[in-house]
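What follows is one structure encoded as structure tokens, with my remarks underneath.
Side chains are part of it too, since the values below use all heavy atoms of this structure and drop only hydrogens, waters and symmetry mates.
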Amino acid sequence: MLSGTDPRRVGVAGAGLMGSGIAAVLARAGCDVTVYDVDAGVLGAAVRRLGDDGLRVGTAAGVEDLARGSDLVIEAVAENLPLKQELFAALDHANSGGLLATNTSVLPVTAIASRTREPGRVVGTHWWNPPHLIPVVEVVRGRHTSDATMDRTVAFLRRLGKTPVRVEKDVPGFVGNRLQHALWREAIALVADGVCDAATVDLVVRNTIGLRLAEMGPIENADYVGLDLTLAIHEAVLGALNSDPDPSPLLRRLVTAGQLGAKAGRGFLDWPAGAREAAARRLSDHVTRQLRDRDARPST
């Protein structure tokens, strides 16, 4: 439940998948939500989807209109640093007292805030997709983010029902994406090196570590099996793992060829018509079941 000191009037900049999902969470919590997108079609579609779910949000005519009077503005536009810098400069100019949050998943919060007059009120709030289901939101401290901004943001997200985690250093990818893409780099390398095909990588992950990770994270698992065993495995394996500092040449070739994955019908895997939608439903159902089962367990 929101408190009297929580942001009530919240603007969301960007009405795509993440922006509209974040707006839904805010509206369900009782916030007065206003949404803006430069694409009128995207904005209209988002408002209709939210309305179909019984959620009412307002729309803004522009960035200044969105920012003016908002206690908090959450940015969820494309992962483009100059675009975000321009947007935050405009938000900062139009809003002199509210919190300004970026939903970037990898870009430096410090750089995004670099053109603002008050970088102390700029904070990273990295929501995960789908935002209405995934509990964790990474709250990222930029170099100039104030303690008050961090504390207020964490408290607000907690009262929204999320699980905020504090990321105290503004490192690329924060926590979750650094872990995720370390795994993806090795997965792609296994395919590129001919160790196995792409489907086998996913099959192994889903049916081994994937079954454990939702219950036991990597640090707990290392302690659980024993740090002596962990050290022995690292001595045997780490030198053989991929450590390229640049993206895989195979990944570059696929992108150059237009094989962009589900949205293009072909990536590492084939994606026939309807497969992407089916995958989205499968993911949503899986996450929902995991959360329901976890919440149903008796407390110990």
Side-chain angles (χ1 to χ4, degrees), residues 17 21 105-106 126-138 163 165 173-244 247-251 253-255 259-298 300:
L17 180 65
S105 58
V106 293
H126 174 220
W127 300 58
W128 288 75
N129 183 37
H132 67 291
L133 289 179
I134 303 297
V136 163
V137 179
E138 294 175 302
T163 304
V165 296
F174 317 135
V175 177
N177 266 318
R178 289 176 78 93
L179 295 168
Q180 176 170 243
H181 285 275
L183 175 60
W184 288 15
R185 176 173 62 182
E186 186 61 29
I188 294 170
L190 288 168
V191 177
D193 292 344
V195 176
C196 61
D197 61 21
T200 298
V201 169
D202 285 354
L203 179 69
V204 170
V205 171
R206 288 199 311 269
N207 291 278
T208 58
I209 58 175
L211 292 174
R212 293 196 308 232
L213 282 173
E215 184 59 36
M216 185 178 286
I219 300 299
E220 183 184 6
N221 200 174
D223 269 357
Y224 174 73
V225 301
L227 297 185
D228 51 342
L229 176 59
T230 301
L231 175 59
I233 293 171
H234 281 197
E235 287 177 333
V237 171
L238 289 188
L241 296 181
N242 185 277
S243 59
D244 291 345
S248 164
L250 172 58
L251 178 60
R253 288 199 299 273
L254 290 173
V255 171
Q259 297 181 21
L260 306 180
K263 63 185 175 182
R266 173 70 182 168
F268 288 105
L269 307 169
D270 288 322
W271 292 83
R276 189 181 195 189
E277 293 75 14
R281 289 192 298 271
R282 190 180 81 236
L283 176 61
S284 179
D285 290 346
H286 173 70
V287 173
T288 300
R289 284 194 303 272
Q290 285 194 91
L291 294 174
R292 183 185 60 232
D293 292 346
R294 187 181 69 181
D295 293 343
R297 294 176 191 168
T300 57

Minimum-distance pair of heavy atoms, taken over all atoms of Thr288 and Ser284: OG1-O, 2.8 Å

Side-chain donor or acceptor of Gln290 paired with backbone N/O of Ala214 under 3.5 Å: no

Nearest-0.5 Å distance that lies between atom OG1 in Thr208 and atom CG in Leu203: 8.5 Å

Distance in Å, His181 NE2 paired with Ile188 CD1, rounded so as to fall on 0.5 Å steps: 9.0 Å

Closest non-hydrogen atom pair between His126 and Ser105, with its separation: NE2-CB, 3.2 Å

Criterion salt bridge (Lys or Arg N to Asp or Glu O under 4.0 Å) on Glu138 and Arg178, from CA distance to verdict: CA-CA 12 Å; Glu138 294 175 302; Arg178 289 176 78 93; over 6 Å; no

For the student: nearest non-hydrogen atoms of Arg276 and Lys263, plus distance: NH1-CB, 3.5 Å

Rounded distance (nearest 0.5 Å) linking atom CD of Glu186 with atom CG of Asp193: 8.0 Å

Those residues that, when tested against Asn207, pass side chain to side chain donor-acceptor pair (under 3.5 Å) (two or more places apart): none

Closest approach of Leu254 to Gly267 (non-hydrogen atoms, all atoms of both residues): CD2-O, 4.2 Å

Atom pair CH2 (Trp271) and CD (Glu277), whose distance is rounded to the nearest 0.5 Å: 10.0 Å

Straight-line distance of Trp128 CH2 to Asn177 CG, nearest 0.5 Å: 4.0 Å

Distance, nearest 0.5 Å, that separates OG1 of Thr230 from CG of Asp223: 8.0 Å

Ile219, CD1: over 12 other non-hydrogen atoms inside 6.0 angstrom: no

Student check: side-chain heavy atoms of Tyr224 and Arg212 closer than 4.5 Å: no

Intermediate values then yes/no, side-chain contact (heavy atoms from CB on, under 4.5 Å), Leu260 and Val255: CA-CA 6 Å; Leu260 306 180; Val255 171; 4.0 Å; yes

Polar contact flag, side-chain donor to acceptor under 3.5 angstrom, Asp197-Thr200: yes

Arg206, CZ: over 12 other non-hydrogen atoms inside 6.0 angstrom: yes

Close side-chain approach of Val191 to Leu250, heavy-atom, < 4.5 Å: yes

Sub-4.5 Å side-chain heavy-atom contact between Leu269 and Asp202: yes

